J.: 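Would you mind keeping the following structure in view while I ask a few things?
Predicted, not measured: the structure shown is a model, and the values here were computed from it. In the text below, chain A, chain B and the rest are named by the order of the sequence lines, each starting its count at 1.
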Amino acid sequence: MSQYAPGGIEEKWYAAWEEAGLFGPDPDLEDEPFVIILPPPNVTGILHMGHCLGNSIQDTLIRWARMRGRPALWVPGTDHASIATEQVVSRQMAAEGLDKREVGRDAFLERAWVWKEQTHGRITQQIRRLGCSLDWSREAFTMDEARNRAVTEAFVRLKEKGLIYRDVYLVNWCPHDLTAISDDEVEYREVEGHLWHLKYPLADGSGHVTVATTRPETMFGDSAVAVHPNDPERKHLIGKMVKLPLTDREIPIIGDHHADPEKGTGFVKITPAHDPNDFEVGRRHDLEQVICMTPAGIMNEQVGSFAGLGRSECRKAVVEALEKDGLLDKTEKHVHQVGHHDRCGHIIEPYLSRQWFLKMEDLATPAVKAVAEGEIKLFPERWVGVYDNWMNNIRDWCISRQLWWGHRIPVWYCDDCSEEIAALAEPGKCPACGSGGLTQEEDVLDTWFSSWLWTFSTLGWPDETPDLKKFHPTTVLVTAPDIIFFWVARMIMASYEFKNEKPFAEVLFHGIVRDEEGRKMSKSLGNSPDPILIIDEYGSDALRCSLVMLTPTGQDIFFSETTLEVGRNFCNKIFQATKLVLGTWDEAGLPAGNPADMPPRTLEIATLGPAADWAERPAEMFTGLWAGIFGGNPPADLSDEDLRLEDRWILGRLMDTVSGCGANMEKRRLNDAAYGVFNFFRHEFCDWYLEAIKPRLRDEKERGPVLGVAVLGLAVSYKLLHPVMPFITEELWSWLPPSKGFLMNSSFPGFKGETPFAPERAAFEQVMEIVGAIRNLRNELGVQPGKRGRAILRVPSAGEASALEGALPLIALLAKMENAEVVVGGEDPSPAGAAVAGSVEIFLPMEGLVDLDKEKARLHKELAGIEGWMKGCRAKLSNEKFTGNAPDHVVQKQKDLLAENEAKAGKLKEMLDALG
RNA sequence: GGGCGAAUAGUUCAGUUGGCUAGAGCGCCUGCUUUACACGCAGGAAGUCGCAGGUUCGAGUCCUGCUUCGCCCA
């Protein structure tokens with residue numbers, strides 16, 4: 001086996017975790033709970049890339065919190081998605097030649113439930129494949145028994161409070177789905193249409209007025225023509241009558257500020273039953289509301305001979321008829337925004353009907369305050385403005401839908417006295433007249449009426465359950481910003497209304513997943529890959545890693561195969577590094593430690609001791625750290641001397657990484673947290689540390705202690721990566737001989753404070769710089785890789801020489817040189833390739849290999865660059881305004897840099913001289 | 001029409017409190033089958049930080065205006 005293959009491993013661990021009961025909150029933990037409620041996916045939908053991103057982020061957070069020792073709860077659930085599901089089921093029935101209205105409500109619902117049961121298994125299985133550590137024992141569905149109770153309770157309470165009312169109102173109506181929808185479900189799209197100028201003759205025969213309209217077919221519903229009351233040229237016509245063409249009706253000219261003298265012709269036809277603005281005008285002037293269409297958008301008996309035509313057919317026919325009568329003044333092309341139903345794409349018809357509404361203004365007040373005062377934090381913060389803007393202009397919410405799949409509104413009408421009763425359960429008789437003849441409201445509630453209760457309905461509300469007491473308010477909500485109004489804002493309002501507390505402490509908005517061309521992934525475009533196929537090919541860890549690591553907070557992400565390769569390649573890298581280290585462990589036959597010694601549940605590295613302790617007794621401190629991670633002792637006894645330069649450097653860097661990762665997790669910068677570990681592991685642990693210790697790993701006498709450091713490095717890396725890549729890290733953890741129990745509920749190490757081994761870290765960085773310079777030199781000069789040769793390092797003082805002495809074998813190893821030697825001062829070796837790394841001059845004396853002209857040109861170029869920079873720096877430092885105003889450390893830094901570069905320039909000049 | 005955001009290497013993006021000789025992934029170029037890994041390693045090229053002003057000793061970062069693109073709302 002040469003590459004990591006996730007197949008089988010992922011399923012194995014998911015089952016093991018579930019069986020071990022690790023997904024629920026640990027009841028023994030006393031810390032503050034960390035709670036996330038999963039935004040419920042549509043139960044009849046399938047998982048798409050957006051879910052993968054959101055779920056990966058949530059699982060990363062919840063796994064991190066769990067490993068930090070907090071009782072972590074992530075509640076799963078699905079949404080009944082009223083309209084979407086009703087559409088799917090209707091379509092299925094249509095394919096069988098059935099019509100839902102013919103089969104009736106009960107039969108339809110029965111079928112919808114069967115469908116729901118089928119698809120529910122699919123979507124939850126997909127979520128499992130992703131590795132989500134959800135507490136399945138608490139799974140909820142928006143239409144299950146418990147949630148139904150919550151919905152009914154909420155409705156009745158609001159009704160009793162007088163916040164729910166029923167009114168005849170112009171609503172957004174979908175003529176395709178035959179239901180009202182809320183304002184938020186209307187999607188405006190730019191459409192190329194026409195502006196028709198129609199002549200309406202004055203009834204007294206004294207001429208005509210011209211109105212401009214984009215919808216001539218609604219003229220049959222006109223009740224007036226409006227002009228602005230102050231319009232100097234037209235106001236004299238107010239009070240006159242016009243003859244409505246193609247009909248025998250006469251309508252008045254009225255004065256209303258809705259008509260803008262600057263726009264169009266200055267005259268506006270008023271159609272109260274078919275236009276929201278006209279509806280308001282109609283109310284102001286008590287105009288007749290003439291409905292000229294059926295709910296399906298077919299012209300009705302009001303339109304005379306045009307009856308029976310569809311909306312757009314009628315438009316054509318009306319225009320033709322008016323043209324024939326000489327009443328079409330002109331036609332202009334006109335681009336305008338037209339409302340479409342976001343679910344089915346059909347053009348919305350403003351339609352006059354009796355609907356249920358919820359008054360929003362009072363509900364909004366505490367919700368606005370909570371966000372404004374930081375009680376609820378939004379990440380990224382810029383969404384606060386968007387939220388405020390919507391909340392401060394909030395409009396009443398149309399909550400009734402003319403559908404069957406949903407929560408039937410808990411209102412009964414008395415057949416005898418028309419009393420209206422809202423109740424938790426069907427009342428036996430009418431409380432007003434005692435009649436037993438009661439009929440329940442036919443309409444169901446908007447889907448979001450159940451979702452907005454989600455943070456607390458999932459925890460048992462309206463009952464005061466232990467879960468509700470312990471886990472509400474929840475910690476963080478993770479969602480895409482496109483549902484900030486539909487859902488996020490409404491959840492905040494609901495929680496304050498029913499619980500008198502916030503629903504969550506923070507909201508983390510993530511971006512939208514787009515394809516390589518920047519298009520939103522959608523079913524209709526067919527550009528959304530099936531996540532399961534991706535997981536099959538690349539592994540869930542690779543997908544999660546790529547998504548989390550490459551997604552800056554709240555930014556949209558462009559998704560492609562290349563993106564996935566980053567994650568897949570990284571998985572392989574972790575696997576390969578583990579193989580290298582453990583291969584040596586096996587050869588060495590080291591003891592695994594006592595399985596009974598369990599490591600502590602939490603680990604704060606700083607509590608083991610300050611940086612000074614690490615400097616003074618590193619072996620003892622290391623042993624303490626080992627016990628904190630594995631329990632027990634390292635595989636081999638080790639003394640302070642066993643911890644070499646590279647060991648101390650990597651331990652210091654490991655702690656820096658722990659600290660940075662924790663800080664970024666706290667700030668919810670998940671990408672930075674993951675990326676930091678990625679960089680550490682790949683470019684420091686593998687590229688430098690493992691390369692540096694290879695000879696020691698092969699040396700039977702030396703490998704015991706160094707294996708301890710390497711295995712600890714692996715273990716800590718697994719821990720830091722586990723929240724993002726749970727499967728591979730759990731698998732490889734189980735391979736480490738000293739590991740015990742599940743990585744999933746082991747400790748996530750924390751570290752704050754001064755990182756130990758500052759001198760060793762600086763020394764190793766110097767090694768890296770020297771090695772880098774030698775490698776560069778070899779490459780630039782085209783030295784063959786097989787040619788090893790000597791490296792001469794010249795330093796100005798004996799002190800620096802002795803400091804470098806110990807690192808010479810390491811430098812030779814990493815730079816692939818035969819040997820490296822250090823000299824103090826003296827003549828430049830020549831001919832030689834030369835470079836400068838800090839105070840160290842590097843010479844590669846390679847007779848016959850170095851092209852003198854090439855080398856001189858190279859040095860000249862480097863020198864020119866440095867001199868250019870120094871000129872600028874000197875100018876800056878001689879500017880008194882700079883030295884006077886800038887903080888001391890900034891000035892000092894410039895001085896240091898200048899000195900450093902001056903020295904380097906001097907050395908480069910000498911080298912050039914030496915070359916002749 | 002109103003609001004929000006973005007503009008930095010070929011490309012996707014970092015750059016947090018103004019101190020930067022502006023970084024990373026992918027791509028590109030050169031070299032390497034080095035006993036974990038070619039899903040790899042080493043080295044390299046590549047930028048007028050959208051434009052124009054301003055504040056400041058100092059601006060990718062703050063302010064004003066403009067341009068282009070994206071999103072949301074009406």
J.: What residue pairs, at least two apart or across chains, pass salt bridge (charged side-chain N to carboxylate O under 4.0 Å, His left out) with a residue in residues 534-551 of chain A?
T.: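 Sorted result for residues 534-551 of chain A: D59(A)-R544(A), R129(A)-D536(A).
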J.: Across the strands shown, which category fits L897(A) at heavy-atom distances under 4.0 angstrom: base, sugar-phosphate, nothing?
T.: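 Base, at least one base heavy atom under 4.0 Å.
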J.: Test of understanding: with side chain to side chain donor-acceptor pair (under 3.5 Å), list the residues that count as partners of D687(A), not counting sequence neighbours.
T.: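 Once residues adjacent in sequence are excluded, the partners of D687(A) under the side chain to side chain donor-acceptor pair (under 3.5 Å) criterion are H683(A).
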J.: What pairs with H340(A) under side chain to side chain donor-acceptor pair (under 3.5 Å), at least two apart in sequence or on another chain?
T.: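 H340(A) satisfies side chain to side chain donor-acceptor pair (under 3.5 Å) with no other residue.
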J.: Once side chain to side chain donor-acceptor pair (under 3.5 Å) is applied, do any residues pair with E565(A), and if so which ones, sequence neighbours excluded?
T.: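 Residues passing side chain to side chain donor-acceptor pair (under 3.5 Å) with E565(A): none at all.
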J.: What string of B, S and - do you get for nucleotides 27-38 of chain B, 5' to 3', if B is base contact, S is sugar-phosphate-only contact and - is no contact with any protein heavy atom under 4.0 Å?
T.: ----SS-BSBB-
J.: Between Q894(A) and U21(B), is there a side-chain N or O to OP1/OP2 distance below 4.0 Å?
T.: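 Q894(A) to U21(B) OP1/OP2: side-chain N or O found under 4.0 Å.
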J.: Could you work out, with side chain to side chain contact (heavy atoms under 4.5 Å, CB included) as the rule, every residue matching S739(A), not counting sequence neighbours?
T.: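 Testing S739(A) for side chain to side chain contact (heavy atoms under 4.5 Å, CB included), a comparison that skips the adjacent residues, returns F630(A), W733(A), L736(A).
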J.: Produce the list of close N/O pairs, under 3.5 Å, pairing protein atoms with atoms of nucleotides 53-55 of chain B; give distances to one decimal.
T.:
none

J.: Among all residues two or more places apart in sequence or in another chain, which pass the side chain to side chain donor-acceptor pair (under 3.5 Å) test with N572(A)?
T.: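 N572(A): side chain to side chain donor-acceptor pair (under 3.5 Å) contacts with Q576(A).
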J.: Please state whether the phosphate of U21(B), meaning OP1 or OP2, lies under 4.0 angstrom from any side-chain nitrogen or oxygen of K893(A).
T.: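 Checking K893(A) against U21(B): no side-chain N or O falls below 4.0 Å of OP1 or OP2.
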J.: Does some side-chain heavy atom of W585(A) sit less than 4.5 Å from a side-chain heavy atom of P737(A)?
T.: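 When only atoms from C-beta onward are counted, W585(A) and P737(A) do touch, with a gap below 4.5 Å.
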J.: Classify F570(A) by what it touches in the nucleic acid, base, sugar-phosphate, or nothing, heavy-atom distance under 4.0 Å.
T.: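 No contact.
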J.: Going by the rule side chain to side chain contact (heavy atoms under 4.5 Å, CB included), which residues pair with E332(A) if we only count those two or more places apart in sequence or in a different chain?
T.: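 With sequence neighbours excluded, E332(A) shows a side chain to side chain contact (heavy atoms under 4.5 Å, CB included) to L195(A), H197(A), K330(A), given in chain and number order.
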J.: Which parts of nucleotides 45-50 of chain B does protein reach within less than 4.0 Å, heavy atoms only, written one letter per nucleotide 5' to 3' as B for base, S for sugar-phosphate only and - for none?
T.: ------
J.: Dot-bracket for RNA chain B, 5' to 3', counting Watson-Crick or G-U wobble pairs under 3.5 Å, with [ ] for crossing pairs and | for inter-strand pairs?
T.: (((((((..((((.....[...)))).(((((.......))))).....(((((..]....)))))))))))).
J.: Where does the angle between the aromatic ring planes of F485(A) and W390(A) fall among parallel (under 30°), tilted (30 to 60°) and perpendicular (over 60°)?
T.: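 Taking W390(A) first and then F485(A), their aromatic rings lie parallel (interplane angle under 30°).
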J.: Taking the minimum atom-to-atom distance to the side chain of R775(A), which one of G40(B), C73(B), G43(B) wins?
T.: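 Closest of the options to the side chain of R775(A): G43(B).
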J.: OP1 or OP2 of A14(B) versus the side-chain N and O atoms of R669(A): is any pair under 4.0 Å?
T.: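 No, no such contact exists.
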J.: Please work out which residues in residues 880-890 of chain A have a non-hydrogen atom less than 4.0 Å from an atom of RNA chain B and list them by number.
T.: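 Output list: K881(A), F882(A), N885(A), A886(A), P887(A), V890(A).
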